[in-house]
Amino acid sequence: MSTPPTAPQKKAPSRNFVQQIIDADRKAGKNGGRVHTRFPPEPNGYLHIGHAKSICLNFGLAVQYGGKCNLRFDDTNPIKEEEQYVRSIIEDVRWLGFDWEDRLCYGSDYFGKMFDCAVDLINKGKAYVCDLTADQTREYRGTLTSPGKNSPFRDRGVEENLDLFERMRAGEFPDGSRTLRAKIDMASPNLNMRDPVMYRILHAGHHRTSEEWCIYPMYDWAHGLEDSVERITHSICTLEFENHRPLYDWFLDALGVFHPQQIEFARLELTYTVMSKRKLLELVQEKLVGGWDDPRMPTLSGLRRRGVTPESIRAFCDRIGVAKFNSTIDIATLQNCVREDLNKRAPRVMGVLRPLRVVIENYPENEVEELDAVNNPEDPSAGTRKVPFSRVLYIEHEDFMEEPPRKFFRLALGREVRLRYAYFITCRDVIKDESTGEVVELRCSYDPATRGGDSPDGRKVKATLHWVSEKHAVDIEVRLYNHLFTKEVPDSTEEGGDWRENLNPESLEVLPSCKAEPSLANAQPGTRFQFERKGYFCVDPDSTSEKRVFNRTVSLRDSWARAQKKAAGK
RNA sequence: UGGGCUGUGGUGCAAUCGGUAGCACGUCUGACUCUGGAUCAGAAGGUUCCAGGUUCGAGUCCUGGCAGCCCAGCCA
């Protein structure tokens with residue numbers, strides 16, 4: 001049967017509100033249909049997954065509409081910004097998979113242009129030099145419910161303003177002594193419009209312009225101008241800038257220059273993590289984590305080190321959508337995207353996290369067999385490999401229970417299970433540490449007829465365990481990560497509490513003595529694997545030639561563990 | 001009685017000009033399986049913030065409330 005030509009079309013994929021605005025603009029012929037966006041980070045910290053949402057939005061829009069997207073550093077505050085952040089941001093955006101071609105821009109490149117524009121505004125009587133101190137400026141601004149009052153310097157003449165502004169630039173005045181302000185409306189209900197500061201005096205070296213300037217533009221003054229100079233059509237930013245849009249528009253109109261459209265969307269929040277730059281900085285500075293790239297951090301460098309792929313981050317950003325509602329995404333959604341991606345591409349290997357020694361009593365003493373193992377059942381082209389099997393093995397400690405509860409399918413005394421790709425084994429005896437009672441070794445027998453894992457008599461087994469041959473195993477270290485915080489919303493604390501109280505003491509668990517199959521001996525940092533039945537792991541740069549270190553990116557979905565947890569919770 | 005924005009299953013996002021609420025994640029079943037993975041099939045879950053109004057018909061329009069977020073840096 002063939003599809004009739006007039007079959008009802010599948011609903012067109014829905015468009016988010018930004019796309020709808022752009023669609024309408026193009027339909028109206030605005031900007032000649034051109035779409036040009038930008039991602040404008042301030043180089044004062046590392047990028048995190050919240051930034052990824054913005055990056056995917058801005059660069060994604062450019063791709064969808066055949067337009068362009070600039071990478072632009074909004075570097076107007078030399079006190080907070082550093083070269084190291086510029087480098088990390090460039091690396092992270094590239095890693096995410098986006099290309100700005102030759103359009104790597106810096107706000108600081110336009111400092112000269114901005115100065116000239118400020119002079120233009122002074123000449124138009126729309127800006128003035130103000131001698132009020134910071135404290136006085138605040139007092140004059142008024143409050144949310146009461147209007148401000150005009151600065152006594154508001155009506156200075158153009159010539160005097162010009163002279164003072166030139167001298168501000170020349171370095172004649174100390175920090176904080178004067179500002180250049182826009183002359184708008186001290187009674188505006190929007191505080192941003194109450195004669196906002198355009199320039200402040202800052203005798204500070206800049207990571208790019210060095211000592212060239214001692215006055216620096218404020219965000220509101222600089223940003224629209226940067227957008228305008230770059231002929232940005234749609235200037236996308238987060239919700240907190242909504243109140244700034246009238247000012248954005250005012251500056252551009254006052255100047256009479258190309259006028260991009262500012263559009264605001266809700267930033268990303270994730271459960272069990274913090275996203276504010278300030279808090280992330282504190283985690284690093286107070287050594288609450290190992291650094292910006294600690295695999296528990298929501299930074300792109302942390303996620304990368306943990307083993308998260310750029311593809312899964314992009315899929316995640318697609319999936320969560322773009323809107324104006326302030327929402328918090330369940331971290332499970334991210335994990336799902338990671339698993340979805342890694343399931344298709346990560347080669348499977350066997351690694352035992354908490355080894356329990358198993359001796360196959362009826363297996364020949366010095367015999368070694370090379371068994372065939374599938375590299376990736378999701379990808380036949382990944383082929384197979386050989387895994388050595390011998391008399392003494394390690395299995396996962398939790399795969400054995402002396403007194404198995406109902407629905408525990410794994411190994412127990414007298415029970416038969418399959419060793420993946422190998423043989424059926426039956427547990428014959430349990431050896432315990434005499435003093436602690438801890439199970440330290442299992443004595444088992446195997447059925448030679450089940451070689452490869454199939455039983456010729458059609459006998460079924462309820463479980464398949466992963467394993468590693470003792471004498472062939474490589475020693476590895478495994479680092480397990482859990483949520484960085486114990487609460488979905490780390491900011492929620494008792495009265496007077498601190499968000500740090502919600503840090504999860506068990507967010508990192510180091511297992512120094514794990515065993516893995518020999519194929520992992522030379523795995524290079526950054527390589528990802530699935531440890532069968534355990535999860536996805538990525539080789540950490542801390543690895544040495546003697547010992548590889550693996551980060552658990554994310555566990556496999558585990559209905560048994562979930563059931564256990566649920567039972568324990570009850 | 002400062003201003004701006006936002007309210008749709010547990011979570012996030014849809015629903016063209018008003019046409020009778022859909023997708024994903026999560027949760028729970030079941031099937032299948034040499035990963036308790038993956039896959040497949042299914043289920044539960046909604047006074048669309050509330051109250052009025054317009055209309056044959058309202059998540060969409062009107063009026064009035066309520067709730068949440070943002071704003072008083074010479075930060076961005």
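Applying the side chain to side chain contact (heavy atoms under 4.5 Å, CB included) criterion to S88(A), with sequence neighbours excluded, gives Y46(A). In this structure H51(A) satisfies the ring-ring contact (aromatic ring centres under 6.0 Å, His included) test together with H48(A), sequence neighbours excluded. Residues passing the salt bridge (charged side-chain N to carboxylate O under 4.0 Å, His left out) test with E311(A) are R345(A), sequence neighbours excluded. Every residue two or more places apart in sequence or in another chain was checked for a salt bridge (charged side-chain N to carboxylate O under 4.0 Å, His left out) with R181(A), and none qualifies. Not counting sequence neighbours, the partners of P355(A) by the side chain to side chain contact (heavy atoms under 4.5 Å, CB included) test are V352(A), Y394(A), K515(A). With sequence neighbours excluded, the residues forming a salt bridge (charged side-chain N to carboxylate O under 4.0 Å, His left out) with E517(A) are R385(A), listed by chain and number.
F165(A) and F115(A) have parallel rings, their planes meeting at less than 30° on a 0 to 90° scale where 60° marks the start of perpendicular.
Listed by first then second residue, pairs satisfying side chain to side chain donor-acceptor pair (under 3.5 Å) with a partner in residues 330-340 of chain A read R319(A)-E340(A), not counting sequence neighbours. Contacts classified as side chain to side chain donor-acceptor pair (under 3.5 Å) and involving residues 187-200 of chain A (residues at least two apart or in different chains) are given here: Y128(A)-D195(A), R154(A)-D195(A). Screening residues 127-144 of chain A for salt bridge (Lys or Arg N to Asp or Glu O under 4.0 Å), with sequence neighbours left out, gives D131(A)-R156(A), D131(A)-R178(A), D135(A)-R138(A).
For the pair F409(A) and G36(B), the ring geometry qualifies as stacking, because the centroid separation is below 5.5 Å while the planes lie within an angle under 30°. An aromatic stacking contact between Y219(A) and the base of A76(B) is absent, as defined here by ring centres under 5.5 Å apart and ring planes under 30° from parallel.
Nearer to the 5' terminus of RNA chain B, by closest-nucleotide assignment, is the contact made by S146(A) (compared with the other of H244(A) and S146(A)). Both A561(A) and A323(A) lie near RNA chain B, and the one whose nearest nucleotide falls closer to the 5' end is A323(A).
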Seminar exercise, completed: 5' to 3', nucleotides 37-48 of chain B under a 4.0 Å protein heavy-atom cut-off (B base, S sugar-phosphate only, - none) gives BS----------

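Sorted by residue number, the members of residues 170-185 of chain A with any non-hydrogen atom under 4.0 Å from RNA chain B read G176(A), T179(A).
Side chain N243(A) to base C70(B): a donor-acceptor pair is found below 3.5 Å.
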Exercise. For RNA chain B, what dot-bracket results from Watson-Crick or G-U pairs at under 3.5 Å, with [ ] for crossers and | for inter-strand partners?
Worked result: .((((((..((((.....[..)))).(((((.......))))).....(((((..]....))))))))))).....

